[in-house]
Amino acid sequence: MAKSDKPEGFVTEITPRSQDFSRWYLDVVRRAELADYSPVKGCMVIRPYGYAIWELIQQAFDKRFKATGHQNAYFPLFIPESLLTKEAEHVEGFAPQVAYVTHGGGEQLEEKLVVRPTSEAIFGTMYAKWIQSWRDLPILLNQWANVVRWEKVTRPFLRTTEFLWQEGHTAHETAEEGEAETRKILALYKEAVETELAMPVVTGQKSDSEKFAGALRTYSIEALMGDGRALQAGTSHNLGQNFAKAFDITFQARDKSVQHVWGTSWGVSTRLVGGVIMIHGDDSGLVVPPRIAPYQVVIVPIPRGNWQETVLPKAHEIQQQLIDAGVRVMLDDRDAYTPGWKFSEWELRGVPLRLEIGPKDIEKASVLLARRDTREKLPVPMEGLPGAIRALLEDIQQTLLARAVAFRDDRTQRTSNYEEFGQMMEGRPGFVVAPWCGSAACEAQIKADTQATIRNMPLDAEAPGGVCVRCDQPAQAEAWFAKSY
RNA sequence: CGGGAUGUAGCGCAGCCUGGCUAGCGCACCUGACUGGGGGUCAGGGGGUCGCAGGUUCAAAUCCUGUCAUCCCGACCA
């Protein structure tokens, strides 16, 4: 047994994080019943508990999209092959990962259909029909959908053949508006992920080699996971006029000229669920931030004597009070399990607060609350309980964010010395910030030497000065490097 | 897609090298009783085409061939 931070006497079936992070991750996914493997290669079943987390993430983002003037729509799963191939870089980028439908209704199709790997092509095609005038702009649409990419190596939530996401696709009158939208969404992503998932992210621009196939520029949010590797948690692309030209999306402008629209696209996926697991989880399992926790509080009644007549009614009463206060609560009144078993089980599932109530508590008119994040146990009076719980949940949310920020900062180093760069990547994995000349050759060589890639380059960073960490050319940007998922 | 490993009950494994009675163990599951504030105890019980398909053999979980899946390490990606 490797060291773990679990209290003595704990039995779980989870590999300790320090022993094998990857195994730990898979154990948590399975034991917390977030997802399971399906008979289809690379495809997972998202189980109810995992899906509930995804639904809460969806709601959090959806609310923000709508508040910024976006509308939801639904576009088809199938795209004629000829449409995908219209934008040259786009095809080249996605062709190797595409699944085709070649037969339908017992006959071979005249034109193969692509199962969408992303929907720029179909949105572009429809936008060409819908847009005539500058008065039709901007178009701000989003869809919640599944997409398919034939990945060679898959892992639940982080990379699966089919995955769920949202993809926003917008069209604008000017280049400035397109860029403004791209950055607005980037900021929205950062705010949503930090507020709701307690996942601090670094925002910035991708290097050319990492940008979206067909985009002018790609921005991303990058988070640091518990093992020091970075996860791309969301991307926002400025498509320029590339797709507008490929799909002939034109409008007549205020000055009567005919112009191509300026496009953007952006997405976050079920990968975020994987990020939540890897950023907050510990050796006892999952830790779910309260704002996206399917159950924020689990009530465990202590069965003693005639508890069914004494403890249980009180537990129901508290449950109802919490529901009325807008708290997501579950009362675990199963008789087949002991309290101790339930404690472990709900910790494994990451429920932020456990509420124990037994005969002793009823005598004292209080309950015992246990925090998942700090493991503190605190007696709290029944009087005013919902308010106290809401405050605690908020505190847990903030604590998780602060902890993740501290971890990220602790694992972020700076250097302009290449040897040191290599040692940093070897020693304690994390972000290494270093000046970069902007050449793809240097970027590739750094990756070959250290496995680290440029995650992104912060937007408002001052020009770094000096020379590239690897060559002698003047530095063009301050790049955030890390090994990534 | 290259390199490595593994598929035996829901999970974790033994058995395979050296073929041979009815395929085992721990946990989980079911029934009952006693229990219950950090994964309880006792008693009884259910669950397997040994990943799949061929082959060798009187006989295959075991040997051979193929295939599929999963995991790990690389090259590609939300």
Side-chain angles (χ1 to χ4, degrees), chain A residues 6-15 20-23 25-27 30-31 33 36-44 92-98 117-118 145-167 189 206 209-213 218 220-223 231-237 265-275 284-285 300-305 307-308 311 334-348 354-362 367-368 370 375 377 379 444 447-448 451 453 483-485:
Chain A
K6 288 178 298 188
E8 291 291 320
F10 264 59
V11 182
T12 66
E13 296 150 38
I14 297 178
T15 307
D20 185 341
F21 194 85
S22 181
R23 283 288 294 273
Y25 174 80
L26 293 167
D27 286 348
R30 187 172 46 87
R31 283 287 289 115
E33 297 184 357
D36 202 354
Y37 294 105
S38 77
V40 185
K41 182 187 171 87
C43 296
M44 64 173 175
E92 200 186 319
F94 280 102
Q97 294 185 274
V98 156
T118 179
N146 58 339
V147 286
V148 169
R149 298 180 186 180
W150 222 256
E151 300 285 355
K152 316 276 193 215
V153 178
T154 60
R155 301 178 89 186
F157 292 111
L158 300 177
R159 189 178 301 108
T160 46
T161 301
E162 179 190 10
F163 59 93
L164 305 183
W165 75 346
Q166 65 63 217
E167 48 179 327
Y189 280 168
K206 285 289 195 185
S209 73
E210 298 260 339
K211 75 170 196 206
F212 177 75
T218 289
S220 73
I221 54 173
E222 305 277 337
L231 183 76
Q232 179 172 302
T235 47
S236 182
H237 315 293
S265 69
W266 27 274
V268 297
S269 72
T270 36
R271 171 179 274 190
L272 288 176
V273 177
S284 296
V300 178
I302 306 302
R304 283 231 166 159
W307 69 285
Q308 310 258 18
V311 175
R334 291 175 294 178
D335 199 20
Y337 300 98
T338 62
W341 188 90
K342 291 177 184 176
F343 296 170
S344 303
E345 183 67 12
W346 291 112
E347 269 167 17
L348 184 90
R354 179 178 72 242
L355 189 158
E356 301 174 28
I357 178 166
K360 287 187 248 169
D361 305 290
I362 290 174
V367 298
L368 199 60
R375 293 217 137 88
K377 283 189 174 190
K447 183 174 183 182
Q451 293 181 13
T453 52
K483 295 179 188 173
S484 78
Y485 276 94

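Lettering follows sequence order; numbering is per chain, from 1. These numbers were taken from a predicted model, which means no experiment stands behind them.
- Spacing between B:G4 and B:C11 at atom C1', rounded to whole Å, works out to 25 Å.
- A cation-pi contact, defined as under 6.0 Å to the ring centre and within 45° of the axis, links A:R354 to A:F343.
- Rounded to an integer number of Å, the gap from A:R304 CZ to B:C34 P is 17 Å.
- Residues A:K342 and A:Y337 each lie close to RNA chain B; by heavy-atom proximity, the contact nearer the 5' end of the strand is made by A:Y337.
- Using N1 to N3 plus N6-O4 or O6-N4 for Watson-Crick, or N1-O2 and O6-N3 for G-U wobble, each under 3.5 Å, B:U41 pairs with B:A33.
- Here the C1' atom of nucleotide B:C34 and the CG atom of A:D335 are 13 Å apart, to the nearest Å.
- Residues A:V311 and A:P359 are in side-chain contact: their nearest non-hydrogen atoms beyond the backbone lie under 4.5 Å apart.
- The aromatic rings of A:H237 and A:F212 lie parallel to each other, their planes meeting at an angle below 30°, with 60° marking the opposite boundary.
- Atom CH2 in A:W341 sits roughly 14 Å away from atom P in B:G37 (whole-Å rounding).
- Of all nucleotides present, only B:G4 satisfies the Watson-Crick or G-U wobble test against B:C71, with each distance under 3.5 Å.
- A salt bridge links A:K377 and A:E356; the closest N-O separation between the charged side-chain nitrogens and carboxylate oxygens is under 4.0 Å.
- Base pairing analysis places B:C58 opposite B:G20; the two distances defining the Watson-Crick or G-U wobble pair are each below 3.5 Å.
- A:T15 and A:D20 share no side-chain donor-acceptor pair at under 3.5 Å.
- Side-chain atoms of A:R155 and A:T160 form no donor-acceptor pair, as typed in the model, at a separation below 3.5 Å.
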Next item on the list: Quick one, give me the B/S/- string for nucleotides 71-78 of chain B, reading 5' to 3', where B means a protein heavy atom under 4.0 Å from the base and S means that only happens at the primed atoms, P, OP1 or OP2.
Entry: SS-BBBBB
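- The partner of B:C25 is B:G12, judged by Watson-Crick or G-U wobble contacts that both fall below 3.5 Å.
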